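All remarks here apply to the structure that follows.
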Protein chains: 4
Amino acid sequence: MRAAITLFARKGFDATPVREIADAAGVTTGALYHYFATKEDLLVEVYRQMQGGQRLRMEAIADSDLPLREKLHAIISDVVESTIADLDEAVVFFQSFHLLSPRVREMVRGERRGYHDRVKALIEEGQREGTFRSDVPATLAVSYHFGAVHRLGLWYHPDGPLSAEEVARHFADLTLSSLTP
Amino acid sequence: MRAAITLFARKGFDATPVREIADAAGVTTGALYHYFATKEDLLVEVYRQMQGGQRLRMEAIADSDLPLREKLHAIISDVVESTIADLDEAVVFFQSFHLLSPRVREMVRGERRGYHDRVKALIEEGQREGTFRSDVPATLAVSYHFGAVHRLGLWYHPDGPLSAEEVARHFADLTLSSLTP
Amino acid sequence: MRAAITLFARKGFDATPVREIADAAGVTTGALYHYFATKEDLLVEVYRQMQGGQRLRMEAIADSDLPLREKLHAIISDVVESTIADLDEAVVFFQSFHLLSPRVREMVRGERRGYHDRVKALIEEGQREGTFRSDVPATLAVSYHFGAVHRLGLWYHPDGPLSAEEVARHFADLTLSSLTP
Amino acid sequence: MRAAITLFARKGFDATPVREIADAAGVTTGALYHYFATKEDLLVEVYRQMQGGQRLRMEAIADSDLPLREKLHAIISDVVESTIADLDEAVVFFQSFHLLSPRVREMVRGERRGYHDRVKALIEEGQREGTFRSDVPATLAVSYHFGAVHRLGLWYHPDGPLSAEEVARHFADLTLSSLTP
DNA sequence: AATGAATGAGACTTCATTCAT
DNA sequence: CATGAATGAAGTCTCATTCAT
């Protein structure tokens with residue numbers, strides 16, 4: 001799995017031969033196929049792992065009784081920090097989505113929509129109670145801000161000047177101020 | 001070219017056989033190779049076309065004598081509208097970047113950095129004169145907002161409830177208010 | 001033609017695209033095909049040119065009234081010098097023979113056999129009159145000595161220490177002393 | 001390998017499709033590529049096999065304490081007999097040399113030069129002690145005589161009037177008498 | 001006489017996957 | 001559990017040659 005993620009992130013799913021993954025993992029192709037029925041299964045596993053955690057933590061925050069603005073801030077922070085923590089996974093996730101088989105793709109999309117909708121609901125709640133501006137459709141706002149997060153893997157470097165926490169804070173700040181009425 | 005873009009956008013670069021492009025374009029593979037020495041060259045052409053236009057228009061706006069906030073607003077609007085106008089190109093652009101050969105990749109990256117730096121300079125100018133908040137690194141703000149733009153192709157649908165102009169206006173609004181001190 | 005010979009000698013007949021020959025000659029493929037119906041025709045032309053000259057000169061010597069030993073010496077000298085003079089042609093000649101179409105191959109082979117037989121007759125004449133040793137089949141001797149000549153192109157370099165005339169003299173000397181009773 | 005050698009000898013390396021080799025060997029192309037990474041590797045293997053044996057046997061003879069003339073006689077005999085024993089290999093060897101990739105070509109060339117130099121040293125030794133004539137450069141003599149050997153494959157036929165041993169003896173005789181002072 | 005776009009067959013090679021051992 | 005040889009389909013690209021202009 002680790003080997004697969006690293007290689008997928010570096011060269012892309014299609015461009016990575018199964019043999020190479022097996023070699024990098026120190027096993028034979030046969031052995032690999034003993035555990036994963038398909039090359040795609042390796043990819044699916046990446047999706048399962050990432051989505052599970054992020055969803056759970058997001059829901060926990062959303063269900064908490066923090067004020068709305070702090071909820072949103074915490075959610076953004078979390079998704080940024082966890083994305084950076086598993087940067088390769090994130091790169092693969094957003095880079096190889098279109099290569100998934102239709103069935104899996106639909107599954108993942110459904111799961112993401114769930115995530116999206118929950119956050120959208122939070123924003124709409126804020127719009128109703130006046131915490132957030134109302135002249136922007138909530139769904140567009142969600143797409144906007146998560147779009148930014150999804151591209152993190154393309155420019156963030158662990159050795160760069162910004163720590164994961166700093167990026168997380170800045171992202172959350174930008175999101176919140178953009179939504180301030 | 002059109003055929004290639006459509007197919008690349010739908011199935012991905014690696015997953016699209018040259019034969020299929022040729023068929024879609026109504027020519028033979030041989031004829032295709034008469035004009036494009038390599039499958040990659042088709043991809044490169046997409047990059048050249050997109051970058052050229054966007055860069056030119058951005059510079060024109062940046063060089064104009066609009067107030068800073070209006071400049072930024074116009075730039076975001078333009079990039080959103082042109083991205084939506086050529087949505088397939090955009091999808092291919094951001095989806096297949098990692099499949100480019102190192103040489104081309106570096107070229108494209110350089111061009112994008114130029115774009116990025118120019119916008120960054122605008123924001124820094126605004127930060128110095130107090131138009132924009134200073135507690136966020138300009139470069140991070142640029143990555144943040146263009147990250148959002150880059151993911152447009154993944155969720156925007158021309159038949160959806162929002163017109164290109166509306167998305168453009170909303171995106172620009174979000175960017176500006178997020179940067180308001 | 002010159003371009004073709006040079007390229008065939010350097011890269012081999014099969015490995016040289018017609019396009020490259022045309023480029024090197026400063027014409028288009030179309031123009032080339034206007035003069036040579038087939039790629040093979042270019043090759044055939046090389047054979048025609050080389051064989052014609054060598055055969056004529058050999059016959060002239062053989063028909064002269066020099067003593068036998070001097071005839072053989074002159075023939076070997078001539079073939080060595082002319083081979084070196086057109087080294088590229090010679091390389092192509094011996095390197096690409098097996099790629100000729102059966103018909104052409106048979107033609108060339110027939111011509112060569114004529115050459116071979118004439119020289120063989122000279123040697124046999126010498127064997128009968130006691131000038132040359134008789135314990136070696138004349139035909140084998142011919143193959144032996146011309147075999148050596150045919151490989152000239154593989155090691156001789158014009159910038160090397162030996163001039164064409166020196167090589168010619170040495171080769172002829174070796175041949176003659178090997179045949180001395 | 002056997003299938004490859006036969007086909008390369010008959011039609012040439014470039015003119016023999018991998019598919020045909022596989023068919024002749026009764027395997028699939030895939031299976032072939034499981035053992036040989038490249039078509040060229042098949043060719044390289046021919047070179048390795050031929051050179052190894054000939055070099056070893058030549059050195060054994062050169063290191064023996066036979067008189068000089070007998071050493072040379074034995075070396076020529078051996079190279080002729082082994083060439084005839086594996087005639088197809090020899091044909092391929094001398095016919096396809098120029099198609100090897102530069103790296104391999106240099107390797108083979110180096111090995112051959114070693115062979116050449118060793119024989120040259122023997123002749124020079126004979127020239128110093130008066131066994132061989134001194135008016136011919138040793139290196140040229142070596143090229144001359146091995147040139148003859150290299151062309152064996154082009155005319156020798158197992159069903160012809162001469163046995164391998166006869167050819168070997170004659171070749172060795174010719175070489176020796178040509179070098180007699 | 002010349003162009004150069006176009007063809008179509010075929011070349012080498014790769015690779016996900018299977019399966020006997 | 002694991003191996004690794006083998007498959008077979010497909011993929012990218014090349015190239016001699018033709019032909020309308």
Side-chain angles (χ1 to χ4, degrees), chain A residues 4 7 11 13-23 25-43 99 101, chain B residues 4 11-23 25-43 99 101, chain C residues 4 7 11 13-23 25-43 99 101, chain D residues 4 11-23 25-43 99 101:
Chain A
L7 287 167
K11 322 189 354 176
F13 177 76
D14 266 358
T16 305
V18 172
R19 187 79 127 271
E20 213 162 296
I21 301 171
D23 286 355
V27 299
T28 58
T29 2
L32 199 59
Y33 271 90
H34 191 73
Y35 294 101
F36 298 91
T38 289
K39 189 185 177 186
E40 191 185 18
D41 281 6
L42 283 163
L43 194 50
L99 296 174
S101 67
Chain B
K11 322 188 358 175
F13 177 77
D14 266 359
T16 305
V18 171
R19 179 81 130 269
E20 217 160 292
I21 301 170
D23 285 355
V27 298
T28 59
T29 20
L32 201 57
Y33 273 94
H34 189 70
Y35 294 99
F36 299 91
T38 290
K39 190 185 176 187
E40 191 187 16
D41 280 6
L42 283 164
L43 195 48
L99 295 174
S101 66
Chain C
L7 287 167
K11 322 187 357 175
F13 177 76
D14 267 358
T16 305
V18 171
R19 187 78 128 272
E20 212 161 298
I21 300 171
D23 286 355
V27 300
T28 59
T29 1
L32 200 57
Y33 270 90
H34 190 72
Y35 295 100
F36 297 91
T38 289
K39 189 186 178 188
E40 191 186 17
D41 282 5
L42 284 163
L43 194 49
L99 295 174
S101 67
Chain D
K11 321 188 359 175
F13 177 77
D14 265 358
T16 304
V18 171
R19 180 78 130 274
E20 217 162 291
I21 301 171
D23 286 355
V27 299
T28 59
T29 23
L32 201 57
Y33 273 92
H34 188 70
Y35 294 100
F36 299 91
T38 290
K39 190 186 176 187
E40 191 188 16
D41 280 6
L42 283 164
L43 195 49
L99 296 174
S101 66

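Note that the coordinates shown come from a computational prediction; the quantities given were computed from them, not determined experimentally. Labels below follow one simple rule: chain letters A, B, ... track the order of the sequence lines, proteins then strands, and each chain is numbered from 1.
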So, does C:Thr28 get its side chain near the phosphate of E:dG4, meaning an N or O under 4.0 Å from OP1 or OP2?
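Negative; the distance criterion is not met.
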
I need the [atom1]-[atom2] distance between [X] and [N], as an integer number of Å.
{"X": "A:Glu20", "N": "E:dT14", "atom1": "CD", "atom2": "C1'", "value": "12 Å"}
{"X": "B:Asp41", "N": "F:dT12", "atom1": "CG", "atom2": "C1'", "value": "13 Å"}
{"X": "C:Phe36", "N": "F:dC15", "atom1": "CZ", "atom2": "P", "value": "20 Å"}
{"X": "A:Leu32", "N": "F:dG4", "atom1": "CG", "atom2": "P", "value": "14 Å"}
{"X": "D:Lys39", "N": "E:dC12", "atom1": "NZ", "atom2": "C1'", "value": "8 Å"}
{"X": "D:Asp23", "N": "F:dT7", "atom1": "CG", "atom2": "C1'", "value": "14 Å"}
{"X": "B:Leu42", "N": "F:dT12", "atom1": "CG", "atom2": "P", "value": "11 Å"}
{"X": "D:Phe13", "N": "E:dC12", "atom1": "CZ", "atom2": "P", "value": "8 Å"}

Base, sugar-phosphate, or nothing: which does C:Tyr35 touch, judged by heavy atoms less than 4.0 Å apart?
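If one applies the 4.0 Å heavy-atom cut-off, C:Tyr35 turns out to touch the sugar-phosphate alone, with no base involved.
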
Scan C:Thr29 against the nucleic acid and name what it touches under 4.0 Å (heavy atoms): base, sugar-phosphate only, or nothing.
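Base: the residue C:Thr29, judged by heavy atoms under 4.0 Å, touches a nucleobase.
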
Does [N] pair with anything, Watson-Crick or G-U wobble, both distances under 3.5 Å, and if so, with which nucleotide?
{"N": "E:dA2", "answer": "F:dT21"}
{"N": "E:dC15", "answer": "F:dG8"}
{"N": "E:dA9", "answer": "F:dT14"}

Measure from the side-chain heavy atoms of [X] and tell me the nearest of [options].
{"X": "D:Thr38", "options": "E:dT7, F:dC13, E:dT13", "result": "E:dT13"}
{"X": "B:Tyr33", "options": "F:dA2, F:dC13, F:dT7", "result": "F:dC13"}
{"X": "D:His34", "options": "F:dG4, E:dA16, F:dT17", "result": "F:dG4"}
{"X": "A:Pro17", "options": "E:dC12, E:dT17, E:dA16", "result": "E:dA16"}

Are the side chains of C:Asp14 and D:Phe13 in touch, meaning some heavy atoms are under 4.5 Å apart?
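No, side chains not in contact.
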
Taking side chain as C-beta onward, heavy atoms only, is C:Lys39 less than 4.5 Å from C:Pro17?
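The answer is no, as the side chains (C-beta and beyond) never meet within the 4.5 Å cut-off.
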
D:Ala31 vs C:Ala37, nearer the 5' end of DNA chain F by closest nucleotide
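The residue closer to the strand's 5' end, by nearest nucleotide, is D:Ala31.
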
Both C:Thr16 and D:Gly30 contact DNA chain F. Taking the nearest nucleotide for each, which residue is further toward the 5' end?
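In this pair, the answer is D:Gly30.
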
Can you tell me which residue among D:Leu32, D:Thr29, D:Val27 is in a side chain to side chain contact (heavy atoms under 4.5 Å, CB included) with D:Ile21?
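Among D:Leu32, D:Thr29, D:Val27, the one that satisfies the side chain to side chain contact (heavy atoms under 4.5 Å, CB included) with D:Ile21 is D:Leu32.
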
Residue mapping more 5' on DNA chain E - nearest nucleotide basis, A:Arg19 or C:Arg19:
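Per heavy-atom nearest nucleotide, the more 5' residue is C:Arg19.
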
So which atom in C:Leu99 and which in C:Glu40 form the shortest heavy-atom distance, rounded to 0.1 Å?
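Minimum heavy-atom contact is O-OE2, 4.5 Å.
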
Does D:Thr38 use its side chain to pair, donor to acceptor, with the backbone of D:Asp41 at less than 3.5 Å?
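No, because the side chain of D:Thr38 does not come within donor-acceptor range (under 3.5 Å) of the backbone of D:Asp41.
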
